[in-house]
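Below is one structure, written out as structure tokens; comments come after it.
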Amino acid sequence: MRGTVGQNPFSSSKRAPTVKVVLLWWGFWSLLVILGLALGQWQWQRAAEKEAYLAALAAAPTLVSPQEAPPEGATLILEGRYQADETRFLDNRTHDGELGVAALTPLRGDDGRLWLIERGFMPTGVSREAPSVATPEGRVTLKGQWQQDGKRAPLFGANQEGLRLQRIQLDAWKDLGGFAQAGWLHLEEGPGLLKPWWEPSVLPPSRHLGYAVQWWGLAAAALVVLLLGGRRMRLARQPVQVSTPVSERAPERVPEYAPEDIDACGQQETKP
């Protein structure tokens, strides 16, 4: 079969990628590689932080009416009297499949200092009526785990609706003159205890390590795609050596001889 004149049957019909396309390719996939490595490293660091946090919780001390700020997770023993009229309720809590609230009642210590006590969960269902809870009178001794008041996501809208709070904020009791420490006690033992429901919201370190491996795997896959695609584009941009079909090649010229050369050759052949 004859080839078309001027066409290379051994070359690709696709155009070679432009410089802009090559730069976009390398830029996009390089960004994915860097992003995967950075996020994997971040998750690795988060795992180390969670391990340190859990270790600190396990080693937290037991303190009795501390004068200084207790560390996160410390076990506190407090004595005083509940301020029943100042009870608020942390709204939209769930426990064992039930919807309800958590009761928050200040405690006035024997030394006059004020502590906020998270007493536990009480079911309310979907009712929006003002909750109520029985509160022990007289002097009580309480024991529980301390949680520091820390930074949280911004709250949109009002925090307080009647006696309900969307989240714990100490300024909901600003008329009482301020608390002894910035935080609250999650009650575990003592009068006034409801259903304990709170536990530290800590993602296990192993989960962070799993996320780190996933991000590094993504970075490795992006690197493979980057190199393979870059190699193909580099080959496509190389000049193609054009091969002319045999049928289109010019015939070889046969050497021409002058008549005298032919006679001379004949004479030489017939000479005795």
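These numbers were taken from a predicted model, which means no experiment stands behind them. All residue numbers refer to positions in the sequence shown, counting from 1.
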Checklist entry - Y82 side chain to P191 main-chain N or O, any donor-acceptor pair under 3.5 Å? => result yes
Checklist entry - Using a distance-only test with no angle check, is there a side-chain donor-acceptor pair under 3.5 angstrom linking T135 and R119? => result yes
Item to check | Side-chain donor or acceptor of R93 paired with backbone N/O of W198 under 3.5 Å | outcome: no
Checklist entry - Can you name the nearest heavy-atom pair linking L114 to G178, along with the distance? => result CB-O, 3.7 Å
Next on the checklist: Do L163 and L170 sit in one hydrophobic cluster, given that two such residues count as connected whenever their side-chain heavy atoms are within less than 4.5 Å of each other, even indirectly?
Outcome noted: no
Item to check | Atom pair CH2/CD1 of W29 and I34 - distance to nearest 0.5 Å | outcome: 14.0 Å
Checklist entry - Would you say the side-chain atoms of Q148 pair up with the backbone N or O of G73, donor to acceptor, closer than 3.5 Å? => result no
Checklist entry - Run the side chain to side chain contact (heavy atoms under 4.5 Å, CB included) check on E72 and Q147 step by step: do they pass? => result CA-CA 5 Å; E72 180 80 9; Q147 181 181 2; 3.7 Å; yes
Checklist entry - For D171, does the CG atom sit with more than 12 other heavy atoms under 6.0 Å from it, leaving out its own atoms? => result yes
Checklist entry - How many angstroms lie between CG in L218 and CG in L35, if you round to the nearest 0.5 Å? => result 7.5 Å
Item to check | Over all atoms of both residues, closest heavy-atom pair of L187 and G192 | outcome: CD2-C, 4.0 Å
Checklist entry - Should the ring pair F179 and W173 be called parallel, tilted or perpendicular, given that the plane angle runs from 0 to 90° and is split at 30 and 60? => result perpendicular
Checklist entry - Tell me the side chain to side chain donor-acceptor pair (under 3.5 Å) pairs involving residues 203-214, sequence neighbours left out? => result Q43-H208, K50-H208
Checklist entry - Does T87 reach the main-chain N or O of A84 with its side chain, forming a donor-acceptor pair under 3.5 Å? => result yes
Checklist outcome for this item: In this structure, CG of L185 is separated from CD1 of I77 (nearest 0.5 Å) by 10.5 Å
Checklist outcome for this item: Between A180 and R113 the two heavy atoms that sit nearest each other are CB-CB, 3.8 Å
Checklist entry - Between the side chain of E49 and the main-chain N/O of E51, is any donor-acceptor distance below 3.5 Å? => result no
Checklist entry - Is L116 linked to L176 within one hydrophobic cluster, defined over Ile, Leu, Val, Met, Phe, Trp and Tyr using a side-chain heavy-atom separation of less than 4.5 Å? => result yes
Next on the checklist: If I take atom CG from residue L37 and atom CH2 from residue W216, how far apart are they, to the nearest 0.5 angstrom?
Outcome noted: 8.5 Å
Checklist entry - Stepwise, does the side chain to side chain contact (heavy atoms under 4.5 Å, CB included) test hold for V101 with L90? => result CA-CA 5 Å; V101 296; L90 187 60; 5.8 Å; no
Next on the checklist: Counting C-beta onward and ignoring hydrogens, is there a side-chain heavy-atom pair between R231 and L235 closer than 4.5 Å?
Outcome noted: yes
Next on the checklist: One pair to check against side chain to side chain contact (heavy atoms under 4.5 Å, CB included): N92 and Q166. What are the steps and the verdict?
Outcome noted: CA-CA 8 Å; N92 298 319; Q166 298 305 311; 3.6 Å; yes
Checklist entry - Is the number of heavy atoms from other residues, nucleotides or ligands within 6.0 Å of CH2 (W215) greater than 12? => result no
Item to check | salt bridge (Lys or Arg N to Asp or Glu O under 4.0 Å) contacts in which one or both residues fall within residues 124-147, not counting sequence neighbours | outcome: E79-R139, D91-R128, D110-R139, R128-E161
Item to check | R164 and P131, any side-chain heavy atoms less than 4.5 Å apart | outcome: yes
Checklist entry - Do F121 and V133 sit in the same hydrophobic cluster, where Ile, Leu, Val, Met, Phe, Trp and Tyr count as joined when their side-chain heavy atoms come under 4.5 Å apart? => result no
Checklist entry - Just checking, any donor-acceptor pair under 3.5 angstrom between side chains of E118 and W197? => result yes
Checklist entry - When rounded to the nearest 0.5 angstrom, what is the spacing between CH2 in W115 and CG in L76? => result 6.0 Å
Checklist entry - Would you call F89 and L104 a side-chain contact if the rule is heavy atoms closer than 4.5 Å? => result no
Item to check | Which atom of P205 lies closest to which atom of L54, heavy atoms considered | outcome: CD-CD1, 3.9 Å
Checklist entry - Taking a hydrophobic cluster as the set of Ile, Leu, Val, Met, Phe, Trp and Tyr residues connected by side-chain heavy atoms closer than 4.5 Å, whether directly or through intermediates, do L78 and I168 fall within one such cluster? => result no
Checklist entry - Given side chains that start at C-beta, do those of P123 and D96 come closer than 4.5 Å, heavy atoms only? => result no
Next on the checklist: On a heavy-atom basis, which atom in L107 and which in G80 lie closest, and how many Å separate them?
Outcome noted: CD1-C, 3.5 Å
Item to check | Same apolar cluster (I L V M F W Y, side chains within < 4.5 Å links), F28/W25 | outcome: yes
Checklist outcome for this item: One should read off an interatomic distance between L142 CG and E188 CD, to the nearest 0.5 angstrom, of 11.5 Å
Next on the checklist: Could you walk me through whether K195 and E98 satisfy the salt bridge (charged side-chain N to carboxylate O under 4.0 Å, His left out) test, starting with their C-alpha distance in whole Å, then the side-chain angles of each, then the deciding distance to 0.1 Å, before giving a yes or no?
Outcome noted: CA-CA 12 Å; K195 293 181 179 180; E98 293 183 298; 3.4 Å; yes
Item to check | Expected output: side-chain N159 to main-chain L165 donor-acceptor under 3.5 Å | outcome: no
